[in-house]
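Take a look at the structure set out below.
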Amino acid sequence: MDRFVMTLNRHIIEQERLYPHATGAFTALLTDIALAAKIISYHVNKAGLVDILGKSGTTNVFGEEQEKLDVFAHEIMVRSLVHGGKLCALASEESDGLIPIPENIPKGKYVCLFDPLDGSSNIDVNVSIGTIFSIYRRVTSGDGPGTLEDLLQPGYKQVCAGYVIYGSSTMLVYTTGTGVHGFTLDPSYGEFVLSHPNIKIPTKGKIYSVNESYFDYWDEGVKNYVRWAKRAVPSDGRPMNSRYIGSLVADFHRNLLKGGIFLYPGDNKSPDRKQGKLRLLYEANPMAFIVEQAGGKASDGFRRILDIQPTELNQRTPLIIGSKEDVEIAEEFIQGKRSE
Ligand code: AHM
Ligand code: MG
């Protein structure tokens with residue numbers, strides 16, 4: 001089929017045909033997520049008009065209460081997803097605990113976890129931000145409400161993961177375990193169109209992406225890796241290039257297409273940062289599933305991210321993710337197997 005006319009909807013349907021017992025639940029779920037993404041995208045694009053329309057927490061010229069964009073994105077995701085009858089529970093980085101499906105709505109066989117607007121502190125300065133999502137099959141039997149057990153699954157059990165990046169254009173990138181595919185929103189007719197089929201991350205990249213202001217708080221292994229990455233050794237392509245936006249979806253997306261490594265290690269700046277900042281279920285797992293499907297790697301320095309058994313919804317994890325060789329080199333430093 002001509003690439004130009006491959007819309008997200010058609011693509012999902014074709015992917016679902018690969019599974020003879022598929023019920024169409026998946027198509028419905030991803031369609032709901034794509035609709036939420038279009039609504040959020042529209043509002044993110046309008047965010048620069050806050051000075052005209054009124055800032056969050058105030059009233060706009062029409063006397064209406066303004067909502068913070070990340071809270072708004074959370075509500076749009078929940079409203080788009082709860083009514084479809086395909087989910088038995090949800091969880092969002094923007095809310096504590098399991099989000100139940102209302103009583104009058106049938107409970108489906110999937111759960112969805114999401115970060116509705118990651119990097120939202122960047123909205124004010126017009127930096128790309130994103131929505132990240134992750135879908136699992138429920139593990140509890142029956143068709144009753146889902147439980148925490150359904151949500152606390154290791155990442156290798158994901159059946160779908162993706163993100164939407166609100167950047168110079170809006171893109172939705174997703175995997176169902178058969179490669180990674182990227183769709184760009186054509187604003188003229190409001191459709192996501194296949195623009196990046198079967199994305200593969202280069203095996204080795206030139207970019208390292210980390211918040212170096214935490215350098216003094218890192219373990220020696222992380223320090224040694226970053227020292228290695230920036231040392232000038234032209235024969236093996238170093239120094240690597242430093243690029244850090246501070247918006248996970250944007251940093252990850254660039255590295256996925258160009259190759260490289262993103263690190264958010266733990267540090268000792270304060271006791272709650274031992275495991276870094278990023279959340280296993282809402283940020284690390286979906287990105288790890290995507291990067292592996294693209295031929296890359298994701299680790300906490302010692303373990304494959306997708307093998308970690310979560311114990312709580314808000315669990316944090318160090319994240320080292322990107323091109324396979326780059327992540328493997330970083331792991332060697334972090335594990336103390338090499339120091340230069
Ligand atoms: P958020 O979920 O509160 O938006 O925070 C997550 C963001 C990521 O997008 C980004 O990688 C990280 O925080 C940046 O943190 P830092 O400013 O510590 O480098
Ligand atoms: Mg986040």
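Ligands are counted one by one from 1 in listed order, and the atoms in each one are counted from 1 as well.
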Quick one: which ligand 1 atoms are inside 4.0 Å of a heavy atom on [X]?
X: S120; result: 4 (O)
X: Y244; result: 14 (C), 15 (O), 16 (P), 19 (O)
X: Y214; result: 16 (P), 18 (O)

Under-4.0 Å heavy-atom contact with ligand 1, by part of [X] that carries it:
X: F262; value: side chain
X: N211; value: side chain
X: R279; value: neither

**Request:** Please confirm whether Y282 comes under 4.0 Å of ligand 1, counting heavy atoms of the residue only.
**Result:** no
**Request:** Look at ligand 1 and say whether E93 reaches it with a heavy atom at a distance under 4.0 Å.
**Result:** yes
**Item:** Any protein heavy atom nearer than 4.0 Å to atom 9 (O) of ligand 1
**Value:** yes
**Asked** Any ion pair linking R10 and E14 (charged N to carboxylate O, less than 4.0 Å)?
**Response** no
**Message:** For E212, is there an ion pair with K230 - N to carboxylate O distance below 4.0 angstrom?
**Reply:** yes
**Asked** Do E325 side-chain atoms and T203 backbone N/O form a donor-acceptor pair below 3.5 Å?
**Response** no
**Prompt:** Can you tell me the N, O or S atom of E283 that's nearest the Mg ion (ligand 2)?
**Reply:** OE2
**Request:** Establish, from distance only, whether the side-chain atoms of N255 and S323 form a donor-acceptor pair under 3.5 Å.
**Result:** no
**Message:** Centre-to-centre under 6.0 Å for Y110 and F26, is that the case here?
**Reply:** yes
**Request:** Please note down the angle at the Mg ion (ligand 2) between OD1 of D118 and OD2 of D115, to the nearest 10°.
**Result:** 90°
**Request:** Mind checking side chain to side chain contact (heavy atoms under 4.5 Å, CB included) for S299 and listing every partner two or more places apart, or none if nothing turns up?
**Result:** V327, E331
**Request:** On the 0 to 90° scale, with breaks at 30° and 60°, tag the H74-F114 ring pair as parallel, tilted or perpendicular.
**Result:** tilted
